[in-house]
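Reading through the structure tokens given below for one structure.
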Amino acid sequence: LHYPLRRQRQMCIRDSRPLYDWLLDHIVEPGKVRPRQIEFARLSLSHTVMSKRKLLDLVRDGHVRGWDDPRMPTISGLRRRGYTPESIRDFAERIGVARADNLVDVALLEHCLREDLNRRAPRVMAVLDPVKLIITNYPDNKSECFDVENNPENPADGKRIVSFSKTLWIEQSDFMQDPPKKYFRLYPGNEVRLKGAYVVCCTGCKKDSQGHITEVYATYDPDSRGGNAADGRKIRGTIHWVEARSALQAEVRLYDRLFTEASPDLSGYDFMQAI
């Protein structure tokens, strides 16, 4: 057979199984173990490519920062993005193996990771798009500490201490002046729970000359330490926060999908156009 090895293998298994068996009948001596090959479909993930040739093109052309780029479907790339071996094994068990080509949504892989990390990853609070929250009725020079659980899914992980004072950082998205329905975070007149700390009621905000919100104002309920109102009133929203004075700066890298198209690996389609 004068075919390249890969083409020969595909013909013998997919197109010419009788020829493959005929060759074994004439090559393998009677009584000897006959080789057995079973072809399974390659795993195809949405919004990425699995071909080694195409992945090599991405690296060579500089579209990604090497084989360990967090968007790459490689072991080193998955490791850098935070995937655990347990989550990958769980994903493999869920999808199984098939002989027909199919496209698996990458969201399932991400779901397996979230489930694994949710059980054992310690929590911290971080604010990515900060705006100041000033608690106007909190004493200027006062500071106190709260115990916050490290992992609500595993009490054995214990608690950590966080500091609290008059000025905090919260997410920009946790405040709106004119909120839509079913928005339970901060807006003028609404109460929310600062996770592990107090219940606060929004009183207003401050804007710069361009109309951007620079500060949010609120008052706190001194009897709600721990996040529960003393009179039993229902607080529907809980937001995270960090104290402005003790907060540490951090670099956070946010990665989206590698491709805009769900199936960039389709034959006849230039996958480079969907990066």
Side-chain angles (χ1 to χ4, degrees), residues 82 107 110-111 114 117-118 121-153 159-257 260:
E110 296 167 348
H111 172 74
R114 282 194 299 270
L117 294 180
N118 191 49
R123 311 302 205 260
V124 295
M125 292 193 290
V127 176
L128 302 184
D129 186 17
V131 63
K132 278 187 178 180
L133 173 64
I134 300 177
I135 305 174
T136 55
N137 64 333
Y138 195 87
D140 292 338
N141 299 323
K142 183 179 178 180
S143 179
E144 54 188 313
C145 294
F146 290 90
D147 292 330
V148 180
E149 56 195 357
N150 285 322
N151 187 350
E153 302 295 325
K159 296 184 177 182
R160 67 187 186 278
I161 297 176
V162 296
S163 58
F164 182 91
S165 62
K166 185 183 183 73
T167 305
L168 311 173
W169 292 115
I170 63 170
E171 296 284 356
Q172 291 269 3
S173 59
D174 283 339
F175 170 80
M176 294 185 69
Q177 274 193 295
D178 300 306
K181 290 183 178 180
K182 297 185 178 181
Y183 181 87
F184 301 127
R185 287 167 281 177
L186 280 174
Y187 58 87
N190 189 50
E191 287 186 313
V192 300
R193 179 185 297 104
L194 297 178
K195 182 176 175 60
Y198 290 107
V199 173
V200 297
C201 180
C202 181
T203 59
C205 65
K206 177 182 177 181
K207 297 181 180 180
D208 60 16
S209 57
Q210 284 76 38
H212 301 138
I213 296 172
T214 57
E215 293 178 354
V216 177
Y217 301 111
T219 58
Y220 86 113
D221 179 358
D223 297 326
S224 63
R225 182 181 173 87
N228 295 315
D231 58 4
R233 67 186 184 276
K234 186 175 181 180
I235 308 299
R236 306 187 68 175
T238 301
I239 65 174
H240 67 280
W241 53 275
V242 294
E243 186 193 25
R245 290 186 301 184
S246 60
L248 301 176
Q249 289 191 349
E251 178 181 346
V252 178
R253 301 176 183 178
L254 300 178
Y255 290 92
D256 204 340
R257 306 288 170 80
T260 58

As an exercise, state the distance from [atom1] of [X] to [atom2] of [Y], rounded to the nearest 0.5 Å.
X    : Y    : atom1 : atom2 : result
K142 : S165 : NZ    : OG    : 11.0 Å
R160 : N151 : CZ    : CG    : 10.0 Å
N118 : H111 : CG    : NE2   : 10.0 Å
D231 : D221 : CG    : CG    : 7.5 Å
T219 : I135 : OG1   : CD1   : 9.0 Å
C202 : Q177 : SG    : CD    : 9.0 Å

Side-chain donor or acceptor of T203 paired with backbone N/O of Y217 under 3.5 Å: yes

R225 charged N/C atom sitting above Y220 aromatic ring, 6.0 Å / 45°: no

Closest heavy-atom contact between I170 and H240? CG2-O, 4.1 Å

Heavy atoms of other groups near D178 CG, more than 12 under 6.0 Å: no

Have a look at I239 and tell me which of L186, V127, L168 forms a side chain to side chain contact (heavy atoms under 4.5 Å, CB included) with it. L186

Just one of E243, M125, K132 clears the side chain to side chain contact (heavy atoms under 4.5 Å, CB included) bar with W169, so which one? K132

